[in-house]
J.: 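For reference, the structure I am asking about is given below.
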2 protein chains.
Amino acid sequence: MVRPDRKRPVTSVDVAAAAGVSQATVARCFTTPGVVAPDTRLKIEAAADRLGYVPNAIARSLKSQRTSIVGAVVPAVGEYWQNVVTYFSRRLTARGRQLLLFSFLDHAEVNETLEAVMQYRLDGLILASANIAEAQLARMRQTGLSLVAFNHPDAAGIVPSVTVDNEAGASELARHLAGLGCTRVLYLGGVAAASTDRARFRGAARTLASTGATCNYMEAGAFTYEAGYRAADTAANLDRLPDAIMVGSDEVAFGMLDGLRRRGLTAPADVLVTGFDGLPQASWAGYDLTTLVQPADQLAEHAVKLASGDGSDASDAPPPSVVVAGTLRRGLTTRRGDAGRARPGSYSRRSCGTEPSAGR
Amino acid sequence: MVRPDRKRPVTSVDVAAAAGVSQATVARCFTTPGVVAPDTRLKIEAAADRLGYVPNAIARSLKSQRTSIVGAVVPAVGEYWQNVVTYFSRRLTARGRQLLLFSFLDHAEVNETLEAVMQYRLDGLILASANIAEAQLARMRQTGLSLVAFNHPDAAGIVPSVTVDNEAGASELARHLAGLGCTRVLYLGGVAAASTDRARFRGAARTLASTGATCNYMEAGAFTYEAGYRAADTAANLDRLPDAIMVGSDEVAFGMLDGLRRRGLTAPADVLVTGFDGLPQASWAGYDLTTLVQPADQLAEHAVKLASGDGSDASDAPPPSVVVAGTLRRGLTTRRGDAGRARPGSYSRRSCGTEPSAGR
DNA sequence: CGATCCTATGTATACGTATTCATCGTTGCA
DNA sequence: TGCAACGATGAATACGTATACATAGGATCG
């Protein structure tokens, strides 16, 4: 490797000179290798190698008006989102795209940040934040970038959207509980304003009503462990404990389980508990939670595909909205037969290790 | 907002025409607002607003040779890394930088991916992967981007590096255990080849030796919950259970705790257990783990600062290597006084909610 | 009041690549 | 043999911005 003068980076022009061809041919060699003669290509590749040439994606993007970068705007907190981000990254890499990530704590940061994002002329943008200004959405679409709303059911119809089937999933959990004889169910949501939260409650309430069971709603206030932990106090203080507590998210459910234990209550002995999301930890022996597993990899794949703008952008067709079904995971927290035997602190064997978590 | 012809995006030239000034003045207005006359600026801003002008960061980057983008190459798995990524994102956003993220499952993907990364002329790159080819490292530094090795002690001296003080942290944990009268300690590492793993064991072994305690090493095989869960079997089958098990990472420790419980063993009653990292979950009531809390926000801040290349790049000075001290979190898993009272399934009050986790 | 300096702006160019158009040598076919 | 078609390449230009340089006008100072 020769020293490239240590200062000026080596460009396609340098390679061209070294290989005795024109810059245009060098460019073709890296974008459309098929159209350049085999021996010329070898000469160019040799020269490029020797000089340590690395194509400049910035210049390429400026000329071709495509960056191969997809952005993702995602909440900073929560195990669920951290999982999803990982899938985004992997899927995008597989497609030769890069991931520009924005974590936000407060929704207020989003609109501000979005302004900066737009400067980068991303090919696509995956939005996992609820309240984006409609006007801004419209303006963003005009620039030709492919927007995708992720896990935000309300956006379907306005913007291409990818989400798990929240209502059907909650319904399946409810059916599972009804099958175990539950008639008085408490639904613990995270934030009532979230559209996922509402959809899940709707599914649970509808199905339970059809079996004659009651389903009250309670709000934890956040999608966090701590919120679930605190909610356990409220639940334990009810006149009469419900048969089951359906929690709107796994993380909140973990808090609920720990909070209940502190009051001497355990699942499934005293009350059944279900979650939603299918986090890896749900299958950890310490919780072994019955939950609805989101097929995070499939969801990510769909989102990435839409955001990559591979589909013919007819742009007059109704925005595609993908809804994927989740799968029920039966954990110890609703194991009725074991209720008598189950003591706090004892865990069944099958709950860990041997059975690969579907959520991963 | 007038329609910008719906096809051609609006550029600084369009704004210049609309405002009756030159393109150069428009550019100055967005990069060095101080140097343009107040009334001119107002005219330009009005025109820009009216046309819906958004500066093109790609073109800016091409001209200025700076992208304001910092890359991060991070393992795809593990709660620890997911946390760290969030901090990176937040810190970078605060500095007006963008985060280009690469999650890798297999270390083999890294060198391959890195090739693609380099095309984007990032301002900086945070590396959390161990085995990058030295030659590649050298080539990358030549391009002028600021490399930072994160949580990779071995790299210190070769590349600017940011890491928690692994040895001192493990030493502190060991001192804590020694103070509780432990004389026979088992150290459960994740992957012996990892430099963090070795540093932690070194710190633990040295300190324990100085108190006359023994410290055997055992390898879980991975930094995962499952690995810890399996290791619990091995540990429980030892001729004699050690006084304490020092686990090299929180996630592995969670698996160990659950694995032990399955065998009817609990901490701290039968054996003390410590972790390392200070994940949020360590303070969840379900585990309440004694661990060494990494100041993830500080670490991220240092890494981001170095990667942003704000420091004068003398480039002949020895690469700065930042080592930050962690803090001990005393959890239930080493609470000796409670050993008699503690039953599996009962949790102390103070362990959750009221005490904000230092790791968050 | 003229020389000087400073401020605000315009002109021109460069950043590194992709791509269109033109060119030139070759092959295929009548 | 002549002409069309084709394949490979070079020359030239555009992508949208930042900035060095030039310039014009006003303020400052002697």
Side-chain angles (χ1 to χ4, degrees), chain A residues 4-5 7-44 47-48 51-69 116 118-123 143-144, chain B residues 4-5 7-45 47-48 51-68 116 118-123 143-144:
Chain A
D5 231 350
K7 271 307 136 207
R8 226 172 40 91
V10 26
T11 75
S12 61
V13 179
D14 302 325
V15 175
V21 297
S22 76
Q23 180 269 332
T25 306
V26 175
R28 279 188 276 259
C29 191
F30 282 84
T31 53
T32 348
V35 304
V36 8
D39 50 343
T40 322
R41 181 161 54 172
L42 287 179
K43 267 195 311 185
I44 294 178
L51 298 178
Y53 170 67
V54 175
N56 186 323
I58 300 298
R60 190 213 314 281
S61 298
L62 179 59
K63 181 61 186 156
S64 64
Q65 307 285 52
R66 306 191 45 246
T67 53
S68 294
I69 298 179
M118 292 309 297
Q119 303 194 355
Y120 281 87
R121 302 296 193 269
L122 306 176
D123 287 357
T143 69
Chain B
D5 231 350
K7 273 305 135 204
R8 228 172 40 91
V10 25
T11 75
S12 62
V13 178
D14 301 327
V15 176
V21 299
S22 77
Q23 180 268 333
T25 306
V26 174
R28 280 187 274 256
C29 191
F30 281 85
T31 53
T32 346
V35 303
V36 9
D39 51 343
T40 324
R41 181 162 54 172
L42 286 180
K43 267 195 310 183
I44 294 178
E45 279 167 355
L51 297 178
Y53 169 67
V54 175
N56 186 323
I58 301 298
R60 189 214 314 280
S61 298
L62 179 58
K63 181 61 186 159
S64 64
Q65 307 284 52
R66 307 191 45 245
T67 54
S68 294
M118 291 311 297
Q119 303 193 356
Y120 281 88
R121 302 297 193 267
L122 307 176
D123 287 356
T143 69

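Chain identifiers are assigned alphabetically (A, B, ...) following the order of the sequence lines, protein sequences preceding nucleic acid strands; residue numbering begins at 1 within each chain.
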J.: In whole angstrom, what separates B/Leu62's CG from C/dT13's P?
T.: 18 Å

J.: Look at B/Tyr53 and D/dT17 and indicate whether a side-chain polar atom (N or O) is within less than 4.0 Å of OP1 or OP2.
T.: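 Indeed, a polar side-chain atom of B/Tyr53 lies that close.
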
J.: What does the B/S/- profile of nucleotides 6-13 of chain D look like, 5' to 3', with a 4.0 Å heavy-atom cutoff to protein?
T.: --SBBBB-

J.: Which pairs, with at least one residue in residues 52-61 of chain B and sequence neighbours excluded, count as a side chain to side chain donor-acceptor pair (under 3.5 Å)?
T.: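 Matches after skipping sequence neighbours: A/Gln119-B/Arg60.
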
J.: Does OP1 or OP2 of C/dT17 have a side-chain N or O of A/Ser12 closer than 4.0 Å?
T.: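 True: A/Ser12 side-chain N/O within range (under 4.0 Å) of C/dT17 OP1/OP2.
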
J.: Considering only nitrogen or oxygen atoms on both sides, find all protein atoms under 3.5 Å from nucleotides 24-26 of chain C and state each distance.
T.:
none

J.: Both B/Ser64 and A/Ser64 contact DNA chain D. Taking the nearest nucleotide for each, which residue is further toward the 5' end?
T.: A/Ser64

J.: Could you tell me how far apart A/Gln119 (CD) and D/dT17 (P) are, to the nearest whole angstrom?
T.: 10 Å

J.: Nearest to the side chain of A/Ala27, heavy atoms from C-beta on, is which of C/dG16, C/dA18, D/dT17?
T.: C/dA18

J.: For residues A/Val15 and A/Ala48, report the shortest heavy-atom separation together with the two atoms involved.
T.: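 Shortest heavy-atom separation between A/Val15 and A/Ala48 comes out as CG1-N, 4.0 Å.
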
J.: Whole angstroms only, please: what is the CG-C1' distance between B/Leu42 and C/dA8?
T.: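 Spelled out: CG on B/Leu42 to C1' on C/dA8 is 15 Å.
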
J.: Could you list the residues that satisfy side-chain contact (heavy atoms from CB on, under 4.5 Å) with B/Ala27, not counting sequence neighbours?
T.: B/Gln23

J.: Could you state the atom-to-atom distance from CD of B/Gln65 to C1' of C/dA14 in whole Å?
T.: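 Result: 10 Å.
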
J.: Could you tell me how far apart A/Ile58 (CD1) and D/dA14 (P) are, to the nearest whole angstrom?
T.: 23 Å

J.: Output every pair passing salt bridge (Lys or Arg N to Asp or Glu O under 4.0 Å) with a member in residues 9-19 of chain A, not counting sequence neighbours, ordered by first then second residue.
T.: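 Salt bridge (Lys or Arg N to Asp or Glu O under 4.0 Å) check on residues 9-19 of chain A returns A/Arg8-A/Asp14.
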
J.: C/dT17 P sits how many Å from A/Arg60 CZ, rounded?
T.: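 Going from A/Arg60 (CZ) to C/dT17 (P), I get 8 Å.
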
J.: Test side-chain contact (heavy atoms from CB on, under 4.5 Å) on B/Val54 and A/Arg121; report intermediate values, then the result.
T.: CA-CA 10 Å; B/Val54 175; A/Arg121 302 296 193 269; 3.6 Å; yes

J.: Distance-only, no hydrogens or angles: does the B/Ser12 side chain make a donor-acceptor pair with backbone N or O of B/Val26 under 3.5 Å?
T.: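 Such a contact is absent between B/Ser12 side chain and B/Val26 backbone.
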
J.: Restricting to side-chain contact (heavy atoms from CB on, under 4.5 Å), what partner residues turn up for A/Thr25, sequence neighbours left out?
T.: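 With sequence neighbours excluded, A/Thr25 shows a side-chain contact (heavy atoms from CB on, under 4.5 Å) to A/Val21, A/Ser22, A/Arg28, A/Thr40, A/Ile44, given in chain and number order.
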
J.: Given atom CZ of A/Arg66 and atom P of C/dG16, what is their separation to the nearest angstrom?
T.: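 For the pair A/Arg66 CZ and C/dG16 P, the rounded distance is 23 Å.
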
J.: With rounding to the nearest 0.5 Å, note down the distance linking CG in A/Leu122 to OG in A/Ser68.
T.: 11.0 Å

J.: To the nearest 0.5 Å, how far apart are CG in A/Asp123 and OG1 in A/Thr67?
T.: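 Answer rounded to 0.5 Å: 4.0 Å.
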
J.: Take the protein atom CG of A/Leu51 and the nucleotide atom C1' of C/dG16, then report the distance between them rounded to whole Å.
T.: 15 Å

J.: What's touching nucleotides 23-25 of chain D from the protein side, N or O pairs under 3.5 Å?
T.:
none

J.: At what angle, to 10 degrees, do the two end axes of the helix from C/dC1-D/dG30 to C/dA30-D/dT1 meet, given five pairs define each axis?
T.: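 The end-segment axes of the helix from C/dC1-D/dG30 to C/dA30-D/dT1 are tilted 40° relative to each other.
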
